[in-house]
> 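I'd like to ask some things about the structure below.
Just so it is clear: chains get the letters A, B, ... in the order the sequence lines come, proteins before strands, and each one is counted from 1. Below, each value reflects all heavy atoms present in this structure, side chains not excepted, and no hydrogens, waters or symmetry copies.
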Amino acid sequence: MDQQAFDAFQAIADPSRREILRLLSKERLPINSLVENFDMSRPAISKHVKILEGAGFIYIEDVGRERYCSLKKDGFSALQNWINYFDGFWNEKLKTLGTLLNNKNK
Amino acid sequence: MEKRIQHSIFYSHTPAEVWEYLTKPELIAQWLMPNDFEPIVGYDFEFTTRPMPAFDFDGHIYCKVLEVVPFKKLSYSWKGGPGGGKITMDSIVTFTLAEKDNGTELLLDHSGFRILENADIFSAMNTGWLQNIQKIATLLNTVTNGSTSI
């Protein structure tokens, strides 16, 4: 399990941040447009956006006076890596169980 | 995006024998992790492993028994995080046993990663990428067609 995967899980553990990602899954949006969708201040939204950016879920681009947010693959890949980790984990454990069962009969 | 983990494995032992290794704490510990499991629906138990503070994981997997059908099915929740009651991973593990060829076919399903399934984002992401790839493919084709027609 790597740091990025855990950051990714923490980043999307928050419902507001999941909602931000959902909105961005439709289109690229400036932070000001995101704010309109929430009952929260701009600084509060900016904080969420910063966490998502840190975990690799979004990419921020300054266009004129606007800060545009769009989805980025890294955060999602980190989650996938994490699931892959458990995939390997179970594969190994279930094989160990098979060995144990076989030795039991000897 | 794959949201669940599934493994199917055949053991040349009866479901009753395999079941013992899924439900007796001292036997579970031999192949999985130290635990205080009891096969009682609603029972809270923990798996303990090496904490990894750098990874925000306190070494505890917090579980609750969800379903117990002797020799057939066992299911428990599987949660973890950095400690202090904070949960960042929330999922469900289910074992299904079926008698087969004088042995047992065990199916493991680790899924219900809540945050993944609640978020339609993942399918949207996939569709988005696919559309982008198609857009690029269309552009490339246009270019190719353009050049061949010259």
> Spell out, yes or no, whether L107(B) and I92(B) are grouped together once hydrophobic residues are joined by side-chain heavy atoms under 4.5 Å, including indirect joins.
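Looking at the clustering, I92(B) is in a separate group from L107(B).
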> Crowded around E99(B) CD? As in, over 12 foreign heavy atoms under 6.0 Å?
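Atom CD in E99(B) is not crowded, with 12 or fewer foreign heavy atoms closer than 6.0 Å.
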> Got more than 12 heavy atoms from elsewhere within 6.0 Å of CD, Q30(B)?
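Counting other residues, nucleotides and ligands, CD of Q30(B) exceeds 12 neighbours.
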> If Ile, Leu, Val, Met, Phe, Trp and Tyr residues are connected whenever their side-chain heavy atoms lie under 4.5 Å apart, and connections chain through other members, are W19(B) and Y43(B) in the same group?
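Yes, same cluster.
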> Quick one: do V63(A) and L29(A) end up in the same hydrophobic cluster if we chain Ile, Leu, Val, Met, Phe, Trp and Tyr together by side-chain heavy atoms under 4.5 Å apart?
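No; tracing contacts between hydrophobic side chains, which count when under 4.5 Å, never links both residues.
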> Say you draw a straight line from NE2 of H13(B) to CG of L97(A); how long is it, rounded to the nearest 0.5 Å?
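Answer for the NE2-CG pair, H13(B) versus L97(A), is 9.5 Å.
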> What residue in L24(A), N91(A), T96(A), L94(A) has the most heavy-atom pairs under 4.5 Å with chain B?
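Most pairs with chain B among the choices: L94(A).
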> At what distance, to the nearest 0.5 angstrom, does NZ of K104(A) lie from OH of Y21(B)?
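So the NZ of K104(A) and the OH of Y21(B) are separated by 5.5 Å.
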> I51(A) and I20(A): same hydrophobic cluster, using ILVMFWY side-chain contacts below 4.5 Å?
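Each belongs to a different hydrophobic cluster.
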> Measure the CD-CG distance between E17(B) and L100(A) for me, rounded to the nearest 0.5 Å.
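Interatomic distance, E17(B) CD to L100(A) CG, rounded to 0.5 Å: 12.5 Å.
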> Measure across H110(B) and W90(A) and return the closest heavy-atom pair with its distance rounded to 0.1 Å.
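Closest approach of H110(B) to W90(A): ND1-NE1, 2.9 Å.
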> Do N102(A) and S12(B) pass the side-chain contact (heavy atoms from CB on, under 4.5 Å) test, and can you show the C-alpha distance, the side-chain angles, and the key distance before you say yes or no?
CA-CA 8 Å; N102(A) 286 335; S12(B) 50; 4.0 Å; yes
> Pick one of side chain, backbone, both or neither for L32(B), based on which atoms fall under 4.5 Å of a heavy atom in chain A.
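For L32(B), backbone and side chain are both near chain A.
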> Using a 3.5 Å distance criterion without hydrogens, assess whether the side chain of H7(B) forms a donor-acceptor pair with backbone atoms of D87(A).
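Present.
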> Within the supplied structure, the quantity of interest is the number of heavy atoms (other residues, nucleotides, ligands) at a distance under 6.0 Å from N102(B) CG; does it exceed 12?
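Counting other residues, nucleotides and ligands, CG of N102(B) stays at 12 neighbours or fewer.
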> Taking the side chain as C-beta and beyond, is there a heavy-atom pair between K93(A) and L108(B) under 4.5 Å?
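No, every pair of side-chain atoms sits at 4.5 Å or beyond.
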> Specify whether W78(B) and F86(A) have parallel, tilted or perpendicular ring planes, treating 30° as the upper limit for parallel and 60° as the lower limit for perpendicular.
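If you compare the ring of W78(B) with that of F86(A), the planes turn out perpendicular.
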